[in-house]
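Beneath this line is the structure, given in structure tokens, with notes to follow.
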Amino acid sequence: MMIKTVGNDKPIPYQSRVYELVREVPKGFVASYGMIAAFLPNVSPRMVGYAMAATPQGQNIPWQRIINSAGKISDRPGSARQRAKLEAEGVSFNKAGTVSWTKHRWQGPSDDWMQKTGFDPLEMK
DNA sequence: TGCGTGACTGCCT
DNA sequence: CAGGCAGCCACGC
């Protein structure tokens with residue numbers, strides 16, 4: 001029979017970790033896929049994109065606040081709705097459809113989040 | 001059971 | 001300085 005390993009908690013699916021961090025982005029601010037990935041070990045920007053594509057509804061996840069590193073909303077069906085939601089939150093776009101990072105850049109996760117996840121800045125590569 | 005694919009990014013020509 | 005490419009998780013057919 002299958003031997004159960006000891007002292008080895010089952011890993012939290014990467015998508016759940018992405019969603020919990022996305023919840024840290026406040027109204028009126030935006031973060032890039034890469035910014036989210038930078039705080040999550042073993043998660044690449046691409047994977048953040050994968051997770052966002054599979055975002056479950058009804059769980060208070062502000063998916064609209066994640067945009068690409070160029071400061072634009074990634075082109076896809078639904079991008080217009082994303083922009084509308086952001087504008088409703090006070091996020092402004094210039095003529096080229098770009099968000100000002102200077103004004104709206106997310107400042108990083110809360111201390112509470114870092115405590116809860118045991119995030120260690122020194123282990124960032 | 002395996003393969004394709006989906007909200008990206010930074011490095012290397 | 002623009003374009004190509006590797007990275008690498010879940011899930012559906």
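Worth saying up front: this structure is predicted, and the values here are computed from it rather than measured. Per chain, numbering begins at 1; letters A, B, ... match sequence-line order.
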Side-chain donor/acceptor pairs under 3.5 Å, residues 27-39 of chain A, sequence neighbours excluded:
unit_1	atom_1	unit_2	atom_2	d
A:Ser32	OG	A:Gly34	N	3.4
A:Ser32	OG	A:Met35	N	3.0

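For A:Glu89 and A:Lys85, the salt-bridge test fails: no basic side-chain N is under 4.0 Å from an acidic carboxylate O.
Separation of the P atoms belonging to B:dG10 and C:dA10 is 23 Å when rounded to the nearest angstrom.
Remark: the backbone N or O of A:Ser110 is paired with a side-chain donor or acceptor of A:Glu24 at under 3.5 angstrom. Under a 3.5 Å cut-off, the side chain of A:Arg17 and the backbone N or O of A:Pro41 do form a donor-acceptor pair.
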Atom pairs under 3.5 Å, N or O on each side, protein against nucleotides 8-13 of chain B: can you list them with distances?
unit_1	atom_1	unit_2	atom_2	d
B:dC8	N4	A:Arg46	NH1	3.0
B:dT9	OP1	A:Ser69	N	2.7
B:dT9	OP2	A:Ser69	N	2.9
B:dT9	OP2	A:Ser69	OG	3.4

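Here the range on DNA chain C touched by chain A, meaning any atom under 4.0 Å from one of its heavy atoms, is C:dG7 to C:dA10.
Inter-residue side-chain proximity for A:Ser92 and A:His104 is flagged as met; some heavy-atom pair is nearer than 4.5 Å.
Whole-Å rounding puts the A:Asp75 CG to B:dG6 P distance at 14 Å.
Residues passing the side-chain hydrogen bond (donor to acceptor under 3.5 Å, both in side chains) test with A:Arg46, sequence neighbours excluded: A:Tyr50. Scored by the side-chain hydrogen bond (donor to acceptor under 3.5 Å, both in side chains) test, A:Arg105 finds no partners at all (sequence neighbours excluded).
Annotation: side-chain hydrogen bond (donor to acceptor under 3.5 Å, both in side chains) contacts involving residues 52-61 of chain A, sequence neighbours excluded, are absent.
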